[in-house]
Protein chains: 2
Amino acid sequence: MDDIDRTILSILQETADVPGKVIADTVNLSTSAVERRISKLKQDGVIEKIVAVVSPKAVDRTLSILVELEIQNEHRHTLEQFQRWLDRAPEVQSCWYVTGDVDFVLLVVVRNLEEYNAFVDRLMNEQQALVRKYKSLIALKTIKHGLELSVHA
Amino acid sequence: MDDIDRTILSILQETADVPGKVIADTVNLSTSAVERRISKLKQDGVIEKIVAVVSPKAVDRTLSILVELEIQNEHRHTLEQFQRWLDRAPEVQSCWYVTGDVDFVLLVVVRNLEEYNAFVDRLMNEQQALVRKYKSLIALKTIKHGLELSVHA
DNA sequence: AGTGAAAAAAAGTGAGA
DNA sequence: TCTCACTTTTTTTCACT
């Protein structure tokens, strides 16, 4: 992966629905060369996928909450099934297993507090043996939210 | 926005680089109808953008850290410029202003601890008057990370 | 709004440098 | 691995239901 690929990646990370011709012009290459590079980047898994970013407002999911979870120590061996539970929960947009006194941090995106409450109820019901404690950090403002990575070597 | 649009959205949220024909077949509509719907969804801002998701491994950004920041109370009126600072920082992938004893939560994605340390140094240097305290939650594992929203009414 | 066909645009392929 | 010319696929447009 050379410098041109990185330039292509940083363009595609911002907007991927541009014709190859446009990219070709900015990197001074022919369209086919650019298309061939993009195919290879997909092939090699450098580009994992191309996705549509949907407006949270438009589908009424404007409430973001970071949830810090502490897990019962006795259940540390059952974490796998809990991770699957999280992975399947549609309200959970992101989720990390972290160091420190907190064990998991979840980013939960829902319609409103009622829906959040329902989510927490479900969590505490279906995973009551596991979760020792939780803390909700309600996002008053999302300053920035995306998946862009700095791509330079 | 009807049910068909929502189906289209949920497909596009997963993978947006499929021909309209494929979507047309799954929603039982002609290609032109589907393309017209997609154009309108973009036009109306329901689809904010189409982006490439880049593999963190492939570009060597495998260290994710959640940073909790507490802000000096005296500087609450200067938050705007701090938000701009965060927005411009390439290491900061996401950032929320939250309720509770913590004020901001940042998702910082970097190459390694050295790079993270450099980031924190820069933060503390350039925003020393603002930041009272910070806490790093290092992600040992990213269970799930994306921008997908449940799209149903 | 939708369909289906024609036109336009974009992406993919292969020979030669 | 690039470019250039060519083919195939996809998207857009348009007349009509």
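Chain identifiers are assigned alphabetically (A, B, ...) following the order of the sequence lines, protein sequences preceding nucleic acid strands; residue numbering begins at 1 within each chain. Keep in mind that what you see is a predicted model, and the values were worked out from it rather than measured.
In this structure, A:I23 atom CD1 and C:dG12 atom P are separated by 12 Å, rounded to whole Å. Atoms CD1 (B:I8) and C1' (C:dG2) sit 13 Å apart, rounded to a whole Å. Remark: C1' of D:dC2 and CG of A:D3 are 17 Å apart, rounded to the nearest angstrom. Rounding to whole angstrom units, CD1 of residue B:I4 and P of C:dG2 are separated by 6 Å. D:dC2 atom P lies 12 Å from atom CD1 of A:I38, rounded to whole Å. Rounded to whole Å, the distance from CZ on A:R36 to P on D:dC4 is 13 Å. The separation between A:R37 atom CZ and C:dG12 atom C1' is 17 Å, rounded to whole Å. Distance CG (B:D25) to P (C:dG4): 12 Å, rounded to an integer number of Å.
Looking at B:V98 and B:V102, their side chains come closer than 4.5 Å, going by heavy atoms from C-beta outward. Contact of the B:K133 side chain with the B:E68 side chain is not registered, since no non-hydrogen atoms from C-beta on lie closer than 4.5 Å.
Each of B:P19 and A:T31 lies near DNA chain D, and the nucleotide nearest A:T31 is the one positioned closer to the 5' end. Nucleotides of DNA chain C nearest to B:N28 and A:G20 differ in position, and the one nearer the 5' end is that of B:N28.
For D:dC4, the base has a donor-acceptor partner in the side chain of A:S32 [N/O atoms by modelled type, under 3.5 angstrom].
A salt bridge is defined here as a Lys NZ or Arg NE, NH1 or NH2 lying under 4.0 Å from an Asp or Glu carboxylate O, and B:K42 with B:E48 fails to meet this definition.
Proximity note for B:A33 (side chain, C-beta onward) versus C:dA11, D:dT3, C:dT3: the nearest is C:dT3. Distance from the side chain of A:S39 is smallest for C:dG12 among the nucleotides C:dG12, C:dT3, D:dT12. Side-chain proximity of A:S30 to the nucleotides D:dT3, C:dA11, C:dA5 is greatest for D:dT3.
Partner B:F104 forms a ring pair (Phe, Tyr, Trp, His ring centres under 6.0 Å) with one of B:F82, B:W85, B:W96 and no other, that one being B:F82.
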Check against side-chain contact (heavy atoms from CB on, under 4.5 Å), A:V51 and B:E14: CA-CA 6 Å; A:V51 300; B:E14 275 204 22; over 6 Å; no

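Counting any heavy atom pair closer than 4.0 Å across all strands shown, A:E35 reaches sugar-phosphate atoms only and no base atom.
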